[in-house]
Structures are given as C-alpha cells and as structure tokens.
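Quick one: the structure is below, questions incoming.
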2 protein chains.
Amino acid sequence: MDRIAENADQSRGVTADDVAAAAGVSRWTVARAFKKRGAISPKTRQKVLAAAERLGYAPDLLAASLASDRSHLVALITNDFNNPHKLVLLERLTRILWSQGWGTLLVNMSESEDASAALLAASQRRVDAAVMIGTRFDDRVLDTALGARRVKKLVVFARYSNNPNTLTISCDDRLAMREIGDHLFARGYASPAFIAGPDTQSAKLHRVDSFRDHWLGLTGGAVPTRHAAGYDFHSAIDTVNAVLDAALPGTLPDVLVCENDILAIGAKEALRARGGAAAGIAVTGFDDIPLAAAPSYHLTTYRQPITAMCERLLDVLSGRLNEDVFVPGTLIVRGG
Amino acid sequence: MDRIAENADQSRGVTADDVAAAAGVSRWTVARAFKKRGAISPKTRQKVLAAAERLGYAPDLLAASLASDRSHLVALITNDFNNPHKLVLLERLTRILWSQGWGTLLVNMSESEDASAALLAASQRRVDAAVMIGTRFDDRVLDTALGARRVKKLVVFARYSNNPNTLTISCDDRLAMREIGDHLFARGYASPAFIAGPDTQSAKLHRVDSFRDHWLGLTGGAVPTRHAAGYDFHSAIDTVNAVLDAALPGTLPDVLVCENDILAIGAKEALRARGGAAAGIAVTGFDDIPLAAAPSYHLTTYRQPITAMCERLLDVLSGRLNEDVFVPGTLIVRGG
DNA sequence: AAGAGATTTGCACACGCGAGCAGATTTTTC
DNA sequence: GAAAAATCTGCTCGCGTGTGCAAATCTCTT
C-alpha cells in the first residue's frame, strides 16, 4: 500500500499501522514506543519514534479511550459565570490537568440549575470524572438522575459538600473564617455584619456559620447576616443599602464580612456611594480575585490554595486519594 | 466497598445491543430510534425508547465519534485568563454549543504561547473544529506545526485574523471604533489618546488603526497611542501614568480610548488616584464586562454581539457557512 | 388480488487502538 | 555451551457505534 505516501500529503488518518509499516515492526510495538513504561528495546523505540515523527503520527486518544475504557477526560461543570474567580479556577485546572494528560470538557449547567443533565451529557462522552466547580451537588440528584450514576467519580471542587457519594476538594473555609475573625478582632473591630450569597435551603452556608461560631467564641457577640439575591455586585449593593437603612443610628456595623470578593466589591461600591459614616466601614472578601488588588478596593481577602487543590484532584483522578480534602489558604491583608 | 465502585457497578455497559434485545429489534433499529430523522416507524421507535428508558441507556458518543469520524467536539482554545470578558464568552459558547449537541473541550495555551501544542492535543481528541477565543493565530504555525494540519476547521473567534486558512467570527471592530469616535466627537472631545494592549509585531491592531483612521477623517487630528505591557489593569495604570507624565502642561488628552474594559478600568483607577486635572479625563472601554457598569467606573463601552457570533459559529460547524463574519455590536453610553 | 413503489429492518464491515497471552529473541546462569 | 530466565514482539479478540446496501414488510393502485 502506498497509503503512506498519501497520508504524508494530507497528514490525515496516519494510524499506528502506517507507522508500523514504515518502521518495519508491528502495530503493537508502535503502541509500546509511545507508552511511558512500555516493554520495548531502546533502539526499536528510537526507530519507531523516528518513523512516527516522519509521518506526523500522534496516537488517537478517542480510539484509545474506547479500547481501554479510560478516556482521560474530566468534565468541569459549573453554573456561576459571574464570578471572575471562576476564570482563575478554570485557568489553573485546565493547565494542570492537561499537563498531566487529562482533557477537560467544560460543561455549563447554568440553564437547568440541575446537575443531572450536565452529568448525563458528560457521561455520554465517557468522562473518567466529573468535577463540580464552586457548585454544590444536590444529594437528590444521585438517587434520581440517570447521569449521576453513570459517572465514575464525582468531585466537588472549591466548595463544601457533605454528600457521601461525592469527594470534596476545598479550601479550609472554617480555618479561613477563623483567621479573618482573629484578624478583625486584633484590629479592634467590634461589630461585624456578614454579607452572604443567596439563601437557598439546600446550601449549607459554611463560611457564614464558621465566622459566626468563631466570633461568638471570641467576643460572645452575635453576627447579623444578610443574604444577597445573587452572587453579583449589583445584588451586594442592594443588600448593603438594606443593611444600612435598617440599622438604628449608632448601631452601624464597623466591618462587612463578605462571602466572596464579588460581594465585597459591591459592598465597597455601596459604602462609597453612600458616603458619610458608611464610608468608614471596612470590608473583607474571599478569593483574592485580581480586582481585589485594585486601588479602588484594596480588599483584605483570603486566597484559596488553588494549585494545591488541583494537585489533590490529580491524586483523586489517579486513584491515589479517595477522601475529602481541605487545604489551608492564605489571608491577604490589604485594607483596614 | 468504596463509593466509586458502587457508582460504576450500577448501570455500566448498557449498550444498544441490550436495548435491542429488550425491545426485540436489532441494534441498528435502536440507533435509528435515537436519530432525529431516522427512517423508523413510530411504534417501533416508541417501543425502543421505552426499553431504553427502562434500562437507562444513553448512546455512547465516544464510540459514535470513532465510527462516524465526527466527534461533535469543539476545542475552545485561549490564553488570556485575566480578562473577565473571557468568562462571558465561555458561558455563552458552552451553553449554546452544548444545547445543539456540541461538546466543548477547554484548552489552555497560556503556557506555551504557541498554538501548536494546544492544537495537537485537541486533534488527538479528534475535535471537529478548534476555536481560538480572543486569540490571534500565528500564520507560521499552520506551516510548521503538526497539530494545525490535523485539525479540520480553525476558527478565530472574537478577534480578527487575516489568515486565509482560518475562519474569523468577530465583532465588527471597525464599525465599533467609528461609533465610538462619532460619539466622542459629538460630545465635543477633541484630543483622544489610545491605550492599547501589548505591541506584538505579529498582532494586527485592528481597533487602534480603525479608531485612528476614523478620527483622522473626522478631525484631521492624529491620535497618540500607547501600548500597555499586558492586558491587565496594573499594566494599564502604569501606561496611563506614563502618558500623563509625558504630556506637556496644557496638552493632556481629554479622553482615553482603551482597547478593552480591563485597560479602561486600569485607566480610571490611574486617573482617580492622580486627581487634579487628570480626574476630569474621560475613558472608554470595549466588551461591556459586568464591572463596567459599577458606579465606580460607569464606563462607556461597546458590547460585542456574542449570541449572534455563537450562532454564526454553529453555522460554520454545520458547514452552512464558510467565510469570515463581522457582526455589528452595540455602543453602551454611560459616563461622559 | 397482484404487482409496483415506499417504507422499514437487518447485516457485514469498518473506525483505531488496548489487554493479555503466546511465541520469538536476547541475556544470564551454571 | 546449553538451559533457564528475562526481555521483547506479534497476534487474537473486543470496545460501541455509524455507513451503505440488501432483504423484508407494508401501502397503494388498478
């Protein structure tokens, strides 16, 4: 066959068979040459790789997935595209996963708000694992949804889930909120208020509870909490205005502890627009998004250990790790 | 046993054969039942779908890809994860593509700065098309890189490329900059300066040139241009400071036209920090990222027609469209 | 009611590669 | 130098589905 000659032109459909023919070995020897720990003699491998290079061959991962029942594909599922921090997570995840040979399928579940459709779609592509990014996983889905059962591994990333069928890889939120509380206490703040995201029944509000518990232990004082309608700065502005309107004179909080940086930025905007006593109220965030460092905001916030979390994810994918992980992050002190 | 084994055990390996047996038909009839326009009698389809439902069957897209040589997979390739606008693009792209049956592989090429590695990785997954998001495609890659030749379609999305082997789907930047110019002219601005991104030799700076050409025609005046070191607001701050430092007294620009919103936000930050005469200088952006609407910035900017662009991408993927497209966007007037 | 036409169903083959084993080759051992 | 061990190579079978065609069934006309 001079199929090889054809392919050299088109550079399409170059298969292991072609390389095998060109190198004078069998197809399986070609496969071994491309395997890290393949049982193959150095000179044969050399010969094969040279032929592959010449023909422009690269193994077909699709066919390999079908044959081996391991796709080396991970579905990244998320529904919150308003938060710039998602971009940081996606950047890190894709870079680190691809560098280790894992492909990443980005799935948007903001339509349905129900993970089952996203999981079904992912499972049809035979992903080795589904990773919910910054998204809680509703327990009921596992019982009812078709897709959920078909996915081999289910990981909740950068968020807490107590679902027993799920693996959590997250920042240690409890520790984080303690550090923020200690920091505020040391700086002399006395009456914090918490600005949280939407108060959905199912969502366990880890950060709020952690902060309130710790502050109670620290000062004996309760922390009033207000829920924004959404994780976006417009909602935060409305919420902070509501907080300020509701406060009796002389009972203003002296610091607004926000569940993440987006809400914190909204809070800063609201306080600045309001002026007067409000302008003196401090704000803390969470995530350390790039804009948190802007002169206008200069937020004290908490940086999640994303790289470390990604590495734990690799451990989970390779089967080395099979339990929940909480990694400590870093307090970033900027403003008051 | 562990949780993973449980999941995998349940409904593993329900294939078309199983459904066929359960429904009393052949495997190919099952396939037809799942095809939109399959030649199959309604009652047979009904019977098959019922059996599939009962068994929890969903077609294996991986095997289908291998057999049909169409993966219905698209690689989304990008390298600029600093710009929140990427998140908007990703959200829209993934939602619209998945809704039409296209899977999206997110590839991060920020490491190499060279598209060839990303393209090779994508091609090994047999993607039907690679979409460079907001990223220019270096012509030389097509000639030298292995990956580039293996990808069936190459689309440059939300950015201009004059590469003949590439399809461009973009906002009509030329029109956009004309609208911005007209707007500024009508408002009485007389001496704009342009703040652009990095000045790489290969990059054709579409927006800059368009604005300068138009302004020249409008007023006969030249527009001084300054390049930031990167597409991030810190670089923009430095650049704007440099512009102000370099300006002779009385020759300050009255408006800074920025290549995108991130640079514009940096510009606003710099002007605000500077105070005095600088604080009166207006700023325009591009992209209309969510934060552009924040009270602190309140940017006049230009919204790209992302949904329309995604629909044109679908046309390209399905083969209905095979030429460059430039879609007009919308001027968003906010600040001065 | 028979035959033409339309519709519906079944089948051989292919897609590109991996797992696991058997045969071939080389290296080591006594 | 021959046998045992270690290493290397080739091969059968299967992964789950699409394509194109032939066979079977149904519908309608005369």
Side-chain angles (χ1 to χ4, degrees), chain A residues 1 3-4 7 11-21 23-48 51-52 55-73 101 123-128 150 152, chain B residues 8 11-21 23-48 51-52 55-73 101 103 123-128 150 152:
Chain A
M1 296 271 247
R3 185 179 165 195
I4 295 164
N7 288 335
S11 192
R12 278 209 45 190
V14 184
T15 82
D17 279 311
D18 301 328
V19 177
V25 297
S26 74
R27 181 163 73 68
W28 299 272
T29 301
V30 174
R32 284 191 191 93
F34 276 89
K35 267 207 140 178
K36 282 271 192 301
R37 300 169 27 75
I40 187 175
S41 71
K43 60 169 180 282
T44 310
R45 164 172 277 154
Q46 198 56 35
K47 188 172 57 176
V48 170
L55 297 181
Y57 168 78
D60 184 327
L61 267 39
L62 203 69
S65 305
L66 186 58
S68 69
D69 200 37
R70 299 195 62 201
S71 63
H72 281 274
L73 257 186
S123 77
Q124 288 193 262
R125 301 272 177 190
R126 266 173 123 84
V127 296
D128 286 340
R150 294 165 47 102
K152 303 184 199 167
Chain B
S11 60
R12 168 166 43 125
V14 184
T15 82
D17 280 309
D18 301 330
V19 178
V25 297
S26 75
R27 182 165 74 65
W28 297 273
T29 302
V30 174
R32 276 189 265 269
F34 276 89
K35 266 208 142 179
K36 280 277 190 301
R37 300 168 29 76
I40 187 176
S41 73
K43 61 170 179 280
T44 310
R45 163 172 277 154
Q46 198 56 37
K47 189 172 57 177
V48 171
L55 296 181
Y57 168 77
D60 184 326
L61 267 40
L62 203 70
S65 305
L66 184 59
S68 70
D69 200 38
R70 299 194 62 199
S71 63
H72 282 273
L73 258 186
S123 78
Q124 288 194 264
R125 302 271 177 190
R126 264 172 123 84
V127 297
D128 287 341
R150 295 165 47 102
K152 303 183 199 166

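What you see is a predicted model, and the numbers here were worked out from it, not measured in a lab.
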Rounded distance in Å - CG (B/Leu62) to P (D/dG18):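 Value for this atom pair: 12 Å.
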
Short side-chain N/O contact to C/dG18 OP1/OP2 from A/Ser68, under 4.0 Å: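 For A/Ser68, the contact criterion (side-chain N or O under 4.0 Å from OP1 or OP2 of C/dG18) is not met.
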
Side-chain N,O (B/Lys35) to OP1/OP2 (D/dT19) below 4.0 Å: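 So the side-chain polar atoms of B/Lys35 do come within 4.0 Å of the phosphate oxygens OP1 or OP2 of D/dT19, strictly under.
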
Donor-acceptor pair (no angle test) under 3.5 Å: B/Trp28 side chain, C/dT8 base: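 Side chain to base: no pair below 3.5 Å.
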
A/Thr29 side-chain N/O to D/dC8 phosphate OP1/OP2 under 4.0 Å: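 Looking at the OP1 and OP2 atoms of D/dC8, neither is under 4.0 Å from any side-chain N or O of A/Thr29.
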
Backbone of B/Arg126 reached by a side-chain donor or acceptor of B/Ser71 within 3.5 Å: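 Yes: the side chain of B/Ser71 pairs with the backbone of B/Arg126.
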
Spacing of A/Leu66 atom CG relative to D/dC15 atom P, expressed in whole Å: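 The distance from CG of A/Leu66 to P of D/dC15 comes to 9 Å, rounded to the nearest Å.
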
Touch class at under 4.0 angstrom, heavy-atom based, for A/Arg27 against every strand present: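 The residue A/Arg27 makes base contact.
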
Comparing B/Gly24 and B/Ala63 on DNA chain C - which has the more 5′ nearest nucleotide: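 Its nucleotide being nearer the 5' end, the pick is B/Gly24.
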
Selected nucleotide, minimal atom distance to B/Arg32 side chain, candidates C/dT9, C/dG20, D/dT17: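 The answer is C/dT9, which lies nearest to the side chain.
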
Nearest-Å distance for atom pair CZ/P, residues A/Phe34 and C/dA19: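 Nearest whole value for this atom pair: 16 Å.
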
Value in whole Å for how far the P atom of D/dC15 lies from CG of B/Leu61: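 To the nearest whole Å, that distance equals 19 Å.
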
Touch class at under 4.0 angstrom, heavy-atom based, for A/Arg126 against every strand present: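 Touches sugar-phosphate only.
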
Sugar-phosphate, base or nothing in reach of A/Thr44, heavy atoms under 4.0 Å: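 Result for A/Thr44 = sugar-phosphate.
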
Heavy-atom closest pair, residues B/Lys35 and B/Arg45: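 Scanning both residues, the minimum pair turns out to be O-NH2, 2.7 Å.
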
Integer-rounded Å distance: C/dA14 C1' and A/Asp17 CG: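 The answer, rounded to whole Å, is 13 Å.
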
Non-hydrogen atoms of B/Ala52 and B/Phe34 that approach each other most closely: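 Shortest heavy-atom contact: CB-CZ, 3.7 Å.
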
Close side-chain approach of A/Val30 to A/Val25, heavy-atom, < 4.5 Å: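 When only atoms from C-beta onward are counted, A/Val25 and A/Val30 do touch, with a gap below 4.5 Å.
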
Short side-chain N/O contact to D/dC15 OP1/OP2 from B/Thr15, under 4.0 Å: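 Result: no.
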
Nearest-angstrom distance from the residue atom CG of A/Asp60 to C1' of C/dC15: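 In whole Å, C/dC15 C1' lies 9 Å from A/Asp60 CG.
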
Length of the CG-P vector between A/Asp69 and C/dG18, whole Å: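 Atom CG in A/Asp69 sits about 13 Å away from atom P in C/dG18.
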
Smallest separation among heavy atoms of B/Arg125 and A/His72, with atom names: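 Between these two residues, the closest heavy atoms are NH2-O, 2.9 Å.
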
